[in-house]
Amino acid sequence: MNYTEKEYWIKAEKSFEILHACSGCKRKQSFVNTGCFRVNANGNKLDVWLIYQCQKCRHTLNVPIFERISPSRIDKELYEKFLENNAELAEQYGRSFSFFKSKKFEVDQNSASIALYDENGKADESDACTDFERIVVHNDSGLKLKNEKLVAMVLKISRSAAKKLIDENKISLSTDSTAVTIEFI
Ligand SMILES: [Zn+2]
C-alpha cells in the first residue's frame, strides 16, 4: 500500500489578545500586545514584563516574563532585546499560547488568527489534500483547537463537512501535547 503522509505546522499569525479585568473600564476587556517590555530592577533582582494594553481605554497590563530573577540568570542577548523593545521578541511571546497559559492569562481564542505552514515554513496554499492517508498537524503553540475547525482548515472544507467526516468515522483524530494526527479510515 502506498502510504502517504503530510505534515503541517500551526502558527499564530499575530499576537494573541488577552481577556482581563481592566481597572480603567471597570470590566473585563480585550488587551493587545504593545510590542514593548518593561524591565525593573528591584534590589539585586529583576522583573521583566511584556506590556499589553486595553483596546478601549489604553490602560496597560503587565504580563510577567521573569519575576524576581537574579540578573545572572538572564541570557545577556535576551536581556538586551528586552531593553531595546525588540519587536520580533515581543511578537514571539505574544504568539505563544503556552506562555500565556503558564502565566494563567486568558487568551481570547476568538481573536486568534492561525494559519498552516508546511515543512519549509511557508504558508500552506495547496488545494484540498485528501490524497493523504495520514496528516500530522504540529501545534507547538499549545492552542486548543476544536477538531472540526482543525479538520476544516487542513482539508479546506466547510466546518459542517468536517463534522460529518468525524461523525461518520471517515477519519480518526488522535491528539497529544504537540500534534494532532488525522487518519483517513
Ligand atoms: Zn480599559
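FYI, side chains are in, hydrogens and waters are out, and symmetry mates aren't considered; it's all heavy atoms of this structure. As the structure lists them, so they are numbered: ligands from 1, and atoms in each ligand from 1. Along the sequence shown, residues carry numbers from 1.
- Other residues, nucleotides and ligands place no more than 12 heavy atoms under 6.0 Å from the NZ atom of K164.
- Looking only at side-chain heavy atoms (C-beta outward), N33 and Y93 stay at 4.5 Å or farther from each other.
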Passes side chain to side chain contact (heavy atoms under 4.5 Å, CB included), D108 versus F31? Steps please.
CA-CA 9 Å; D108 182 0; F31 286 75; over 6 Å; no
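- Not one N or O on the side chain of T60 forms a donor-acceptor pair closer than 3.5 Å with the backbone of I51.
- Of the charged side-chain nitrogens involved, none lies within less than 4.0 Å of a carboxylate oxygen, so that K163 and E148 do not count as a salt-bridged pair.
- With 3.5 Å as the limit, one finds a donor-acceptor pair spanning the side chains of E84 and N86.
- Panel detail: the Zn ion (ligand 1) has protein N, O or S atoms under 2.8 Å away, 4 in number.
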